[in-house]
Amino acid sequence: SQQGEEDPQALSIQEGENATMNCSYKTSINNLQWYRQNSGRGLVHLILIRSNEREKHSGRLRVTLDTSKKSSSLLITASRAADTASYFCATDAPGYALNFGKGTSLLVTP
Amino acid sequence: EAGVTQFPSHSVIEKGQTVTLRCDPISGHDNLYWYRRVMGKEIKFLLHFVKESKQDESGMPNNRFLAERTGGTYSTLKVQPAELEDSGVYFCASSQLAGVLGEQFFGPGTRLTVL
């Protein structure tokens with residue numbers, strides 16, 4: 001069954017603006033990860049946040065996790081055209097698989 | 001260090017034909033995973049190898065899909081016979097550790113189109 005679910009499905013912003021994507025999940029997790037996929041490329045790991053963490057930063061990325069609401073957000077500050085991609089959240093599933101959502105398609109226009 | 005590689009990058013076949021996808025994990029990674037993304041849907045787990053053994057194949061859709069990892073190095077995923085609904089992007093990932101400590105590194109994917 002689908003675990004992570006991103007919102008919105010699509011987002012269009014201009015360079016320099018911030019982009020916020022949300023992810024909701026259904027069951028308890030150990031950690032939550034965000035990935036990016038550029039067109040025709042593989043999934044690139046962006047950031048991992050553990051269930052006992054509430055916020056994490058990496059460069060222009062800021063991830064928050066609210067385990068009580070079973071939700072996470074990814075904030076990209078000062079967006080660039082190169083940030084145009086699909087963004088996925090993934091939660092750990094029983095076993096060692098990752099559960100992905102459908103992704104948010106981000107378009108950053110110059 | 002070379003990342004996860006997949007071959008081919010694209011494959012277009014007709015319904016009923018056979019296709020074999022290949023994944024070369026990062027050297028030294030015992031854990032290898034296959035995922036796929038069908039158009040417009042989420043990325044779904046197919047199976048997980050630890051070395052040459054199938055640790056979890058709960059995500060394999062049906063017996064038309066056969067995954068192997070002989071020798072514990074590269075892996076192949078064969079679809080025989082292919083159906084229209086098999087079209088999608090097939091991703092391979094590898095990790096050194098498994099479970100919550102093991103970051104999975106993904107390959108570029110193979111885009112499969114079944115006509």
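Letters A, B, ... are given to chains in the order of the sequence lines, protein chains preceding strands, and every chain is numbered from 1.
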CZ of A:F100 to CZ of B:F91, rounded to nearest 0.5 Å, is 8.5 Å
[X] atom [atom1]: more than 12 heavy-atom contacts under 6.0 Å:
X	atom1	value
A:K56	NZ	yes
B:K15	NZ	no
B:E85	CD	yes

Using non-hydrogen atoms and a 4.5 Å limit, figure out which bit of B:Q55 sits close to chain A: side chain, backbone, both or neither.
side chain
Go through the structure and list residues passing salt bridge (charged side-chain N to carboxylate O under 4.0 Å, His left out) with A:E55, not counting sequence neighbours.
A:R62
Which atom pair, heavy atoms only, marks the closest approach of A:K102 to B:R37?
O-NH2, 3.0 Å
Looking only at atom types and distance, does a side-chain atom of B:Y35 sit under 3.5 Å from a main-chain N or O of A:L98, one as donor and one as acceptor?
yes
